[in-house]
Chemist: 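There's a structure below that I have some questions on.
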Amino acid sequence: MFKIAITGPESTGKSTLSEKLAHHYNTNFVPEYSRSYLENFVGQYTENDVVEIAKGQHNLIIEEEKKSSKILIADTEIVVCKIWVEYVFKHSNTTIDNLLKKQDFDLYLLCDIDLPWVYDPLRENPDIDERKELFEIYRNTLEQMKVPFEIVSGDNDERVNNAIKVIEKYRHE
């Protein structure tokens with residue numbers, strides 16, 4: 001099975017890209033666990049909430065791996081939680097770091113910040129300078145992890161087509 005992680009800062013089209021790639025490859029995708037976790041959340045989330053989200057995302061990925069045969073697409077994964085907790089709480093978290101070590105993807109697609117930020121009550125970083133900073137944190141984290149990754153950019157179908165080209169390149173190497 002070829003496993004693809006869709007990652008990147010908020011409002012970069014991860015969920016849309018995941019859905020469209022799943023449709024293209026006639027497979028399911030692993031949804032973003034934080035949405036269901038936070039949709040009825042009251043108050044300010046804590047570091048422990050991000051840890052629970054990381055655990056939930058990890059478990060969703062494992063469950064979907066059992067059902068998929070050819071290709072697995074994950075809308076968000078543990079890198080997102082690692083960067084989230086480090087950016088907001090200013091330190092790493094052992095549980096998240098350990099979950100990240102267990103993560104095993106063949107390819108990471110890092111979504112570029114070339115899409116306009118769209119308001120969502122679960123989003124926090126509309127400032128373009130913050131978005132640029134977060135994108136660089138993602139890029140640096142993936143480089144430090146020494147995992148295969150490519151940046152995908154473009155609007156709508158262009159982004160999907162660019163992602164498909166990258167996936168096909170890696171699937172046939």
Side-chain angles (χ1 to χ4, degrees), residues 3-22 28-65 72-105 107-145 147 149 151-153 155-156 159 163:
K3 297 187 295 186
I4 303 162
I6 310 296
T7 196
E10 64 185 21
S11 197
T12 55
K14 294 183 296 291
S15 297
T16 300
L17 181 60
S18 297
E19 289 178 38
K20 290 185 176 186
L21 289 174
N28 295 328
F29 69 95
V30 182
E32 179 184 4
Y33 182 77
S34 65
R35 289 231 161 248
S36 61
Y37 185 92
L38 293 172
E39 73 182 346
N40 295 315
F41 197 81
V42 177
Q44 181 64 34
Y45 66 83
T46 66
E47 181 176 341
N48 189 58
D49 292 311
V50 181
V51 170
E52 290 304 312
I53 289 166
K55 290 177 185 176
Q57 190 69 47
H58 180 74
N59 290 336
L60 280 179
I61 292 167
I62 289 170
E63 287 304 309
E64 195 59 45
E65 282 178 355
L72 174 77
I73 299 165
D75 171 11
T76 304
E77 41 59 64
I78 309 308
V79 169
V80 172
C81 296
K82 175 181 176 52
I83 291 170
W84 184 5
V85 82
E86 290 176 0
Y87 193 77
V88 172
F89 298 103
K90 307 299 183 208
H91 61 112
S92 61
N93 180 284
T94 304
T95 302
I96 292 174
D97 288 343
N98 288 335
L99 286 172
L100 184 57
K101 289 175 189 172
K102 295 177 184 177
Q103 187 164 274
D104 179 32
F105 284 98
L107 175 63
Y108 288 79
L109 297 179
L110 174 56
C111 292
D112 202 347
I113 57 169
D114 58 339
L115 297 178
W117 189 86
V118 176
Y119 173 78
D120 179 311
L122 298 180
R123 294 184 179 150
E124 303 177 337
N125 307 106
D127 181 76
I128 188 63
D129 290 330
E130 235 178 340
R131 293 183 80 206
K132 288 177 182 176
E133 177 185 5
L134 283 161
F135 181 81
E136 289 307 316
I137 292 169
Y138 274 90
R139 183 197 320 249
N140 292 336
T141 299
L142 293 170
E143 286 172 352
Q144 289 169 4
M145 289 171 58
V147 294
F149 80 94
I151 297 167
V152 290
S153 57
D155 199 7
N156 301 316
R159 182 172 293 239

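Here, residue 1 is the first one in the sequence, and each next residue gets the next number. Basis for what follows: all heavy atoms, side chains included, without hydrogens, waters or symmetry-related copies.
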Chemist: Using modelled atom types only, decide if a donor and an acceptor are shared between the side chain of Tyr33 and the backbone of Gly56 within a distance under 3.5 Å.
Modeler: no
Chemist: So do the side chains of Ile61 and Leu72 get within less than 4.5 Å of each other, counting heavy atoms only?
Modeler: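 They are in side-chain contact.
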Chemist: To the nearest 0.5 Å, what is the distance between CZ (Phe149) and CD (Glu143)?
Modeler: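 It is 4.5 Å, given to the nearest 0.5 Å.
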Chemist: If a pair satisfies salt bridge (Lys or Arg N to Asp or Glu O under 4.0 Å) and one of its residues is in residues 41-59, list it, with sequence neighbours excluded.
Modeler: Glu52-Lys55
Chemist: In the structure I gave you, are the side-chain heavy atoms of Glu130 and Phe135 within less than 4.5 Å of one another anywhere?
Modeler: no
Chemist: Using side chain to side chain contact (heavy atoms under 4.5 Å, CB included), reason through Ile53 and Leu38 one step at a time and then give a plain yes or no.
Modeler: CA-CA 9 Å; Ile53 289 166; Leu38 293 172; 4.1 Å; yes
Chemist: May I ask you to say whether Glu32 pairs ionically with Lys14, meaning some side-chain N is under 4.0 Å from a carboxylate O?
Modeler: no
Chemist: Identify the heavy atoms of Leu17 and Arg159 that sit nearest to each other, and give their distance.
Modeler: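 In this case the closest contact between Leu17 and Arg159 is CD1-O, 4.2 Å.
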Chemist: Where do Cys81 and His58 land on the side chain to side chain contact (heavy atoms under 4.5 Å, CB included) test, with the steps shown first?
Modeler: CA-CA 10 Å; Cys81 296; His58 180 74; over 6 Å; no
Chemist: For the atom pair CG (Asp112) and OG1 (Thr12), what is the distance rounded to the nearest 0.5 Å?
Modeler: 8.5 Å
Chemist: Please determine whether the number of non-hydrogen atoms from other residues, nucleotides or ligands lying under 6.0 Å from atom NZ of Lys101 exceeds 12.
Modeler: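 No - once you tally the heavy atoms of other residues, nucleotides and ligands closer than 6.0 Å, there are 12 at most.
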Chemist: Check each of Leu99, Thr46, Thr94, Asn93 against Val51 using the side chain to side chain contact (heavy atoms under 4.5 Å, CB included) test, and report the only one that passes.
Modeler: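 Among Leu99, Thr46, Thr94, Asn93, the one that satisfies the side chain to side chain contact (heavy atoms under 4.5 Å, CB included) with Val51 is Asn93.
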Chemist: Do Thr7 and Cys111 come within less than 4.5 Å of each other through their side chains, counting heavy atoms only?
Modeler: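 The answer is no; the side chains never approach within 4.5 Å.
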Chemist: So, do Ile83 and Tyr138 sit near enough that their side-chain heavy atoms are less than 4.5 Å apart?
Modeler: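 Ile83 vs Tyr138: side chains touch.
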Chemist: Quick check: do Gln57 and Val30 have side-chain heavy atoms less than 4.5 Å from each other?
Modeler: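 The answer is yes, as the side chains (C-beta and beyond) meet within the 4.5 Å cut-off.
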Chemist: What closest approach, in Å, do Val79 and Tyr108 show between heavy atoms, and which atom pair accounts for it?
Modeler: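 Result for this residue pair: CG2-CE2, 4.1 Å.
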Chemist: Among Thr141, Asp97, Ile137, whose side chain to side chain contact (heavy atoms under 4.5 Å, CB included) with Glu86 holds?
Modeler: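 The residue from Thr141, Asp97, Ile137 that satisfies side chain to side chain contact (heavy atoms under 4.5 Å, CB included) with Glu86 turns out to be Asp97.
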Chemist: What heavy-atom pair brings Val152 and Ala163 nearest, and what distance separates the two atoms?
Modeler: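 Looks like CG1-CA, 3.8 Å.
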Chemist: Is the shortest side-chain heavy-atom distance between Ile6 and Leu21 below 4.5 Å?
Modeler: yes
Chemist: Roughly how far, to the nearest 0.5 Å, is the CD1 atom of Ile73 from the CG atom of Leu109?
Modeler: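 Reported to 0.5 Å precision, the distance equals 9.0 Å.
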Chemist: What is the minimum heavy-atom distance between Ala54 and Ile78, and which atoms define it?
Modeler: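 Shortest heavy-atom contact: O-CD1, 3.3 Å.
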Chemist: Does a side-chain heavy-atom distance below 4.5 Å link Leu60 with Pro31?
Modeler: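 In contact.
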Chemist: Would you kindly say whether Gln103 and Glu77 are connected by a side-chain donor-acceptor distance under 3.5 Å?
Modeler: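 Distance-only check passes for Gln103 and Glu77.
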Chemist: Considering only heavy atoms from C-beta outward, does the side chain of Glu64 approach that of Phe29 to under 4.5 Å?
Modeler: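 No - every pair of side-chain heavy atoms lies 4.5 Å or more apart.
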Chemist: Rounded to the nearest 0.5 Å, how far apart are CD1 of Ile4 and OG of Ser18?
Modeler: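 The OG atom of Ser18 is 9.5 Å from CD1 of Ile4, to the nearest 0.5 Å.
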Chemist: Please find the pair of heavy atoms, one from Glu133 and one from Tyr87, that lie closest to each other, and give the distance.
Modeler: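 In this case the closest contact between Glu133 and Tyr87 is OE1-OH, 3.2 Å.
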Chemist: For Ile96, is there any backbone N or O sitting under 3.5 Å from a side-chain donor or acceptor partner on Lys82?
Modeler: no
Chemist: Ignoring hydrogens, what is the shortest heavy-atom contact between Trp84 and Ser34? Give both atom names and the distance.
Modeler: CZ3-CB, 4.3 Å
